[in-house]
Amino acid sequence: MSAFDVSPTRLRIKKVARRLAIGLGRTLNATGATGARCDGSVRVLTYHRFGQDGLDPCCLDPQSFEMQLEWLSEHANVLSPEQFSAAMSGVSRAPPDSVLITIDDGHWSVASHALPALDRRGFKALLFVCPLLVPAESDGEQPDPDLRFMSWKELASAVSGGHTIAPHGYSHRSLGRLPLAQAILEIEQARSALQTHLGVHGPFFSFPFGTRADHSEALAFALAERGFRYCFTASHGRCLPRSQSVLLPRIKIEGGNERDLFPHIVRGCIDHWRFIDHTLYFLQQRGRM
(Lines give C-alpha, C1' and ligand atoms only; values in the text may rest on other atoms or scores of the structure.)
Protein backbone atom coordinates (compact mmCIF):
# COMPACT_ATOMS: atom_id res chain seq x y z
CA MET A 1 0.00 0.00 0.00
CA SER A 2 1.14 3.54 -0.68
CA ALA A 3 1.10 6.38 1.82
CA PHE A 4 -2.24 7.54 0.42
CA ASP A 5 -4.21 4.28 0.21
CA VAL A 6 -7.45 3.66 2.07
CA SER A 7 -8.86 0.31 3.13
CA PRO A 8 -10.70 -1.65 0.42
CA THR A 9 -13.85 -1.71 2.56
CA ARG A 10 -13.90 2.04 3.05
CA LEU A 11 -13.25 2.58 -0.63
CA ARG A 12 -16.12 0.29 -1.66
CA ILE A 13 -18.52 2.03 0.70
CA LYS A 14 -17.51 5.42 -0.62
CA LYS A 15 -17.85 4.39 -4.26
CA VAL A 16 -21.29 2.89 -3.68
CA ALA A 17 -22.37 6.04 -1.83
CA ARG A 18 -21.17 8.27 -4.67
CA ARG A 19 -22.90 6.15 -7.29
CA LEU A 20 -26.16 6.29 -5.34
CA ALA A 21 -25.75 10.04 -4.89
CA ILE A 22 -25.19 10.52 -8.61
CA GLY A 23 -28.29 8.41 -9.32
CA LEU A 24 -30.30 10.73 -7.10
CA GLY A 25 -28.65 13.70 -8.79
CA ARG A 26 -29.76 12.48 -12.20
CA THR A 27 -33.34 12.50 -10.93
CA LEU A 28 -32.89 15.99 -9.52
CA ASN A 29 -31.24 17.08 -12.73
CA ALA A 30 -34.28 16.00 -14.70
CA THR A 31 -36.41 18.34 -12.58
CA GLY A 32 -33.95 21.24 -12.86
CA ALA A 33 -33.09 21.10 -9.15
CA THR A 34 -29.32 20.88 -9.70
CA GLY A 35 -29.04 24.27 -11.36
CA ALA A 36 -29.71 25.61 -14.82
CA ARG A 37 -27.08 24.88 -17.48
CA CYS A 38 -27.33 28.43 -18.84
CA ASP A 39 -27.08 30.44 -15.61
CA GLY A 40 -23.44 31.44 -16.11
CA SER A 41 -22.21 29.07 -13.42
CA VAL A 42 -18.99 27.06 -13.57
CA ARG A 43 -18.17 23.71 -12.02
CA VAL A 44 -14.60 23.44 -10.80
CA LEU A 45 -13.07 19.97 -11.08
CA THR A 46 -10.34 18.90 -8.66
CA TYR A 47 -7.66 16.34 -9.45
CA HIS A 48 -4.66 15.28 -7.37
CA ARG A 49 -2.37 12.48 -8.56
CA PHE A 50 -2.16 10.32 -11.67
CA GLY A 51 -1.06 6.72 -11.83
CA GLN A 52 -2.08 3.15 -11.15
CA ASP A 53 -3.25 2.86 -7.53
CA GLY A 54 -6.70 1.37 -7.11
CA LEU A 55 -6.80 2.01 -3.37
CA ASP A 56 -6.01 5.72 -3.52
CA PRO A 57 -9.20 7.69 -4.29
CA CYS A 58 -7.05 10.75 -5.09
CA CYS A 59 -5.14 8.87 -7.80
CA LEU A 60 -6.64 8.70 -11.28
CA ASP A 61 -5.16 6.46 -13.95
CA PRO A 62 -3.82 8.43 -16.94
CA GLN A 63 -6.03 6.62 -19.45
CA SER A 64 -9.18 7.68 -17.58
CA PHE A 65 -7.86 11.24 -17.41
CA GLU A 66 -7.32 11.23 -21.18
CA MET A 67 -10.86 9.96 -21.72
CA GLN A 68 -12.30 12.61 -19.42
CA LEU A 69 -10.43 15.38 -21.22
CA GLU A 70 -11.63 14.04 -24.54
CA TRP A 71 -15.22 14.05 -23.30
CA LEU A 72 -14.80 17.62 -22.04
CA SER A 73 -13.41 18.73 -25.39
CA GLU A 74 -16.54 17.41 -27.12
CA HIS A 75 -19.31 18.11 -24.61
CA ALA A 76 -18.24 20.93 -22.28
CA ASN A 77 -16.53 24.31 -22.23
CA VAL A 78 -13.18 24.23 -20.47
CA LEU A 79 -12.29 27.68 -19.16
CA SER A 80 -8.83 28.98 -18.43
CA PRO A 81 -8.31 30.49 -14.96
CA GLU A 82 -8.48 33.95 -16.54
CA GLN A 83 -11.78 33.12 -18.25
CA PHE A 84 -13.11 31.74 -14.97
CA SER A 85 -12.22 34.99 -13.18
CA ALA A 86 -13.91 37.02 -15.91
CA ALA A 87 -17.06 34.89 -15.66
CA MET A 88 -17.21 35.08 -11.87
CA SER A 89 -16.68 38.84 -11.81
CA GLY A 90 -19.37 39.47 -14.42
CA VAL A 91 -17.00 40.68 -17.13
CA SER A 92 -18.20 37.85 -19.39
CA ARG A 93 -20.80 35.11 -19.19
CA ALA A 94 -19.75 31.48 -18.92
CA PRO A 95 -21.33 29.25 -21.59
CA PRO A 96 -23.36 26.15 -20.65
CA ASP A 97 -21.48 23.23 -19.07
CA SER A 98 -18.43 25.34 -18.26
CA VAL A 99 -15.69 23.81 -16.13
CA LEU A 100 -12.37 24.89 -14.68
CA ILE A 101 -9.70 22.22 -14.18
CA THR A 102 -7.71 22.44 -10.96
CA ILE A 103 -5.01 20.09 -9.67
CA ASP A 104 -3.88 20.12 -6.05
CA ASP A 105 -0.53 19.45 -4.36
CA GLY A 106 1.88 19.59 -7.33
CA HIS A 107 2.62 15.87 -7.30
CA TRP A 108 5.31 14.81 -9.81
CA SER A 109 2.70 12.91 -11.87
CA VAL A 110 1.10 16.25 -12.76
CA ALA A 111 4.18 17.08 -14.83
CA SER A 112 4.64 13.58 -16.21
CA HIS A 113 1.01 12.71 -17.04
CA ALA A 114 -1.49 15.54 -16.61
CA LEU A 115 0.20 18.55 -18.19
CA PRO A 116 1.10 16.79 -21.47
CA ALA A 117 -2.52 15.59 -21.80
CA LEU A 118 -3.83 19.09 -21.12
CA ASP A 119 -1.34 20.71 -23.48
CA ARG A 120 -2.32 18.44 -26.36
CA ARG A 121 -5.84 19.87 -26.15
CA GLY A 122 -4.91 23.45 -25.39
CA PHE A 123 -6.50 23.31 -21.93
CA LYS A 124 -5.08 25.58 -19.23
CA ALA A 125 -5.25 24.34 -15.65
CA LEU A 126 -4.96 25.94 -12.23
CA LEU A 127 -2.30 24.17 -10.16
CA PHE A 128 -2.30 24.58 -6.38
CA VAL A 129 1.01 23.85 -4.65
CA CYS A 130 2.56 23.96 -1.18
CA PRO A 131 5.98 25.66 -1.39
CA LEU A 132 7.42 23.70 1.54
CA LEU A 133 6.88 20.45 -0.41
CA VAL A 134 8.67 21.67 -3.55
CA PRO A 135 12.16 20.14 -3.84
CA ALA A 136 15.05 22.39 -4.73
CA GLU A 137 15.82 20.26 -7.79
CA SER A 138 14.13 17.46 -9.69
CA ASP A 139 16.97 14.96 -9.78
CA GLY A 140 14.75 11.89 -10.23
CA GLU A 141 16.48 10.05 -7.38
CA GLN A 142 13.74 10.10 -4.77
CA PRO A 143 13.03 6.43 -4.02
CA ASP A 144 9.27 6.63 -3.41
CA PRO A 145 7.22 8.12 -6.27
CA ASP A 146 4.36 8.84 -3.86
CA LEU A 147 6.57 11.36 -2.07
CA ARG A 148 7.80 13.20 -5.15
CA PHE A 149 6.59 16.69 -6.00
CA MET A 150 7.20 19.05 -8.90
CA SER A 151 10.37 21.11 -8.65
CA TRP A 152 10.49 24.87 -9.08
CA LYS A 153 11.91 24.27 -12.54
CA GLU A 154 8.96 22.07 -13.47
CA LEU A 155 6.50 24.58 -12.02
CA ALA A 156 8.15 27.39 -13.97
CA SER A 157 7.80 25.31 -17.12
CA ALA A 158 4.08 24.91 -16.40
CA VAL A 159 3.75 28.67 -16.03
CA SER A 160 5.56 29.26 -19.32
CA GLY A 161 3.13 26.79 -20.90
CA GLY A 162 0.19 28.97 -19.90
CA HIS A 163 -0.92 27.22 -16.74
CA THR A 164 -1.55 29.10 -13.49
CA ILE A 165 0.21 28.33 -10.20
CA ALA A 166 -1.43 29.36 -6.91
CA PRO A 167 -0.93 28.62 -3.21
CA HIS A 168 -2.39 25.60 -1.41
CA GLY A 169 -1.10 26.73 1.96
CA TYR A 170 2.60 26.58 2.74
CA SER A 171 3.03 23.15 4.34
CA HIS A 172 -0.31 21.41 3.62
CA ARG A 173 -1.55 21.74 7.18
CA SER A 174 -5.21 22.33 7.92
CA LEU A 175 -5.45 26.11 8.24
CA GLY A 176 -8.79 25.93 10.00
CA ARG A 177 -7.24 23.89 12.81
CA LEU A 178 -4.40 26.33 13.40
CA PRO A 179 -4.55 29.51 15.48
CA LEU A 180 -5.64 32.33 13.17
CA ALA A 181 -2.30 34.17 13.36
CA GLN A 182 -0.41 31.00 12.47
CA ALA A 183 -2.77 30.24 9.59
CA ILE A 184 -2.30 33.76 8.21
CA LEU A 185 1.47 33.31 8.48
CA GLU A 186 1.18 30.15 6.33
CA ILE A 187 -0.77 32.12 3.74
CA GLU A 188 1.84 34.88 3.69
CA GLN A 189 4.71 32.39 3.44
CA ALA A 190 3.04 30.59 0.54
CA ARG A 191 2.36 33.79 -1.38
CA SER A 192 5.88 35.09 -0.80
CA ALA A 193 7.51 31.82 -1.94
CA LEU A 194 5.53 31.72 -5.19
CA GLN A 195 6.41 35.33 -5.89
CA THR A 196 10.09 34.69 -5.19
CA HIS A 197 10.49 31.49 -7.19
CA LEU A 198 7.95 31.95 -9.98
CA GLY A 199 7.09 35.64 -9.99
CA VAL A 200 3.38 34.84 -9.75
CA HIS A 201 0.59 36.22 -7.63
CA GLY A 202 -3.07 36.04 -8.46
CA PRO A 203 -6.56 35.85 -6.99
CA PHE A 204 -6.64 32.07 -6.44
CA PHE A 205 -6.14 29.99 -3.29
CA SER A 206 -7.25 26.53 -2.15
CA PHE A 207 -7.45 25.19 1.39
CA PRO A 208 -5.55 21.99 2.17
CA PHE A 209 -8.08 19.18 2.77
CA GLY A 210 -10.84 21.74 2.32
CA THR A 211 -13.50 20.29 4.62
CA ARG A 212 -15.64 22.59 6.70
CA ALA A 213 -13.19 22.15 9.59
CA ASP A 214 -10.26 23.28 7.46
CA HIS A 215 -11.35 26.87 6.72
CA SER A 216 -13.33 29.67 8.33
CA GLU A 217 -14.93 33.01 7.58
CA ALA A 218 -12.06 34.70 9.46
CA LEU A 219 -9.56 33.07 7.11
CA ALA A 220 -11.71 34.00 4.12
CA PHE A 221 -11.64 37.63 5.26
CA ALA A 222 -7.85 37.51 5.74
CA LEU A 223 -7.41 36.04 2.26
CA ALA A 224 -9.70 38.64 0.70
CA GLU A 225 -7.67 41.39 2.37
CA ARG A 226 -4.59 39.98 0.65
CA GLY A 227 -6.16 39.95 -2.79
CA PHE A 228 -7.32 36.34 -2.96
CA ARG A 229 -10.78 36.56 -4.53
CA TYR A 230 -11.38 32.87 -5.25
CA CYS A 231 -10.65 30.54 -2.33
CA PHE A 232 -11.64 26.96 -3.02
CA THR A 233 -12.91 24.47 -0.47
CA ALA A 234 -13.73 20.76 -0.87
CA SER A 235 -17.48 21.32 -0.70
CA HIS A 236 -19.34 20.20 -3.80
CA GLY A 237 -21.45 22.48 -5.98
CA ARG A 238 -21.23 25.04 -8.75
CA CYS A 239 -19.63 28.47 -8.66
CA LEU A 240 -22.06 31.29 -9.36
CA PRO A 241 -21.06 34.65 -10.85
CA ARG A 242 -20.75 37.59 -8.50
CA SER A 243 -20.74 35.37 -5.42
CA GLN A 244 -20.79 37.33 -2.16
CA SER A 245 -18.27 34.97 -0.56
CA VAL A 246 -14.68 34.21 -1.49
CA LEU A 247 -15.27 30.59 -0.38
CA LEU A 248 -16.12 28.57 -3.47
CA PRO A 249 -17.00 24.88 -4.03
CA ARG A 250 -15.18 22.31 -6.13
CA ILE A 251 -15.94 18.77 -7.25
CA LYS A 252 -13.36 16.07 -6.58
CA ILE A 253 -12.75 13.66 -9.44
CA GLU A 254 -11.70 10.38 -7.90
CA GLY A 255 -9.92 7.34 -9.23
CA GLY A 256 -11.79 4.07 -9.51
CA ASN A 257 -15.09 5.68 -10.50
CA GLU A 258 -16.85 3.99 -13.35
CA ARG A 259 -16.29 6.01 -16.47
CA ASP A 260 -20.00 6.46 -17.12
CA LEU A 261 -20.30 8.69 -14.04
CA PHE A 262 -18.06 11.53 -15.25
CA PRO A 263 -20.56 13.22 -17.63
CA HIS A 264 -23.19 13.27 -14.90
CA ILE A 265 -20.72 14.76 -12.41
CA VAL A 266 -19.87 17.57 -14.83
CA ARG A 267 -23.57 18.26 -15.34
CA GLY A 268 -24.27 18.69 -11.64
CA CYS A 269 -25.46 15.28 -10.48
CA ILE A 270 -23.09 15.24 -7.48
CA ASP A 271 -23.68 18.88 -6.46
CA HIS A 272 -26.07 17.87 -3.67
CA TRP A 273 -23.21 15.97 -1.98
CA ARG A 274 -22.56 19.36 -0.36
CA PHE A 275 -25.15 18.30 2.24
CA ILE A 276 -22.64 15.67 3.39
CA ASP A 277 -19.82 18.21 3.19
CA HIS A 278 -21.70 20.65 5.42
CA THR A 279 -23.23 18.26 7.95
CA LEU A 280 -21.05 15.14 8.19
CA TYR A 281 -17.66 16.67 7.45
CA PHE A 282 -16.27 15.28 10.72
CA LEU A 283 -16.56 11.80 9.15
CA GLN A 284 -14.56 12.73 6.07
CA GLN A 285 -11.10 11.26 6.03
CA ARG A 286 -8.27 13.66 6.66
CA GLY A 287 -4.53 13.42 6.92
CA ARG A 288 -4.18 12.67 3.21
CA MET A 289 -3.30 15.04 0.42
Side-chain angles (χ1 to χ4, degrees), residues 44-49 58 80-82 84-85 88 100-111 114-115 124-136 138 148-211 213-235 239 243 245-250 252 286 288-289:
V44 181
L45 309 181
T46 308
Y47 295 91
H48 290 79
R49 290 177 293 283
C58 288
S80 68
E82 293 77 14
F84 173 85
S85 179
M88 291 298 101
L100 171 68
I101 296 174
T102 68
I103 309 177
D104 283 4
D105 303 336
H107 193 260
W108 73 274
S109 60
V110 176
L115 293 183
K124 304 306 178 186
L126 175 55
L127 311 182
F128 289 107
V129 302
C130 301
L132 187 63
L133 303 181
V134 178
S138 181
R148 290 182 58 189
F149 293 89
M150 294 174 68
S151 67
W152 290 117
K153 182 178 179 180
E154 290 167 329
L155 291 170
S157 177
V159 171
S160 66
H163 302 285
T164 300
I165 309 293
H168 189 43
Y170 183 70
S171 62
H172 208 280
R173 289 189 291 176
S174 169
L175 300 184
R177 299 171 189 261
L178 294 176
L180 182 60
Q182 192 172 353
I184 292 174
L185 177 60
E186 279 246 344
I187 293 167
E188 294 281 13
Q189 288 176 312
R191 180 174 66 173
S192 176
L194 293 186
Q195 287 178 323
T196 298
H197 290 278
L198 301 175
V200 299
H201 174 54
F204 303 103
F205 185 90
S206 76
F207 289 95
F209 309 110
T211 74
D214 301 310
H215 57 83
S216 66
E217 290 295 336
L219 279 174
F221 180 77
L223 284 159
E225 281 191 319
R226 288 158 177 79
F228 293 105
R229 176 66 185 86
Y230 311 109
C231 303
F232 294 104
T233 70
S235 295
C239 297
S243 171
S245 173
V246 302
L247 298 175
L248 299 177
R250 290 193 291 175
K252 184 190 294 184
R286 294 187 62 262
R288 300 178 187 274
M289 301 175 70

Task: Distance, nearest 0.5 Å, that separates CG of Leu155 from CD1 of Ile165 - done: 5.0 Å

Task: Validation row: Leu126, Phe232 side chains within 4.5 angstrom (heavy atoms) - done: yes

- [ ] Could you grab the distance from atom OG1 of Thr46 to atom CG of Asp105, nearest 0.5 Å is fine?
- [x] 10.5 Å

- [ ] Please state whether the rings of His107 and Phe149 are parallel, tilted or perpendicular, taking 30° and 60° as the class boundaries.
- [x] perpendicular

- [ ] Taking all heavy atoms of Cys239 and all of Leu248, pick out the closest pair and write down the distance.
- [x] SG-CB, 3.9 Å

- [ ] May I ask you to test the Met88-Ser243 pair for a side-chain heavy-atom distance under 4.5 Å?
- [x] no

Task: Shortest non-hydrogen contact from His48 toward Val110 - done: O-CG2, 3.8 Å

Task: Tyr230: partners by side chain to side chain donor-acceptor pair (under 3.5 Å), with sequence neighbours left out - done: Ser85

Task: CG-CG distance between Asp214 and Leu175, expressed to the nearest 0.5 angstrom - done: 8.0 Å

TODO: Specify the closest pair of heavy atoms between Lys124 and Pro81, including all atoms of both residues, with the distance to one decimal.
DONE: O-CD, 3.7 Å

- [ ] Please name all residues satisfying side-chain contact (heavy atoms from CB on, under 4.5 Å) with Ser157, sequence neighbours left out, ordered by chain then number.
- [x] Ser160

TODO: Give, for atom OH of Tyr47 and atom CG of Asp104, the distance between the pair rounded to the nearest 0.5 Å.
DONE: 12.5 Å

TODO: Under the side-chain contact (heavy atoms from CB on, under 4.5 Å) rule, collect the residues that match up with Ala125, sequence neighbours excluded.
DONE: Ile101, Leu118, Leu127, His163

Side chains of residues 184-195: which donor-acceptor partners sit under 3.5 Å, not counting sequence neighbours?
residue	atom	partner	partner atom	Å
Glu186	OE1	Tyr170	N	3.1
Glu186	OE1	Ser171	N	3.2
Glu186	OE1	Ser171	OG	3.4
Glu186	OE2	Ser171	OG	2.5
Glu186	OE2	Arg173	NE	3.1
Glu186	OE2	Arg173	NH2	3.0
Glu188	OE1	Arg191	NH2	2.9
Glu188	OE2	Arg226	NE	2.7
Arg191	NH1	Arg226	O	3.0

Open item on the list: If you compare all heavy atoms of Gly169 against all heavy atoms of Pro131, which two are closest, and at what distance to 0.1 Å?
Closed with: O-CD, 3.3 Å

Task: Residues in ring pair (Phe, Tyr, Trp, His ring centres under 6.0 Å) contact with His168, at least two apart in sequence or another chain - done: His172

Task: Min side-chain heavy-atom separation Glu217-Leu247 under 4.5 Å - done: yes

- [ ] Could you walk me through whether Met150 and Leu115 pass the side chain to side chain contact (heavy atoms under 4.5 Å, CB included) test, one step at a time?
- [x] CA-CA 12 Å; Met150 294 174 68; Leu115 293 183; 4.1 Å; yes

Open item on the list: Rounded to the nearest 0.5 Å, what separates atom NZ in Lys252 from atom SG in Cys58?
Closed with: 4.5 Å

Task: Phe207 and Phe209 aromatic centres sub-6.0 Å - done: no

Open item on the list: Suppose we screen for side-chain contact (heavy atoms from CB on, under 4.5 Å). Which residues come up paired with Ser216, at least two apart in sequence or across chains?
Closed with: Ala218, Leu219

TODO: Applying side-chain contact (heavy atoms from CB on, under 4.5 Å), name anything that partners Val246, two or more places apart in sequence or on another chain.
DONE: Ala220, Ala224, Arg229, Cys231

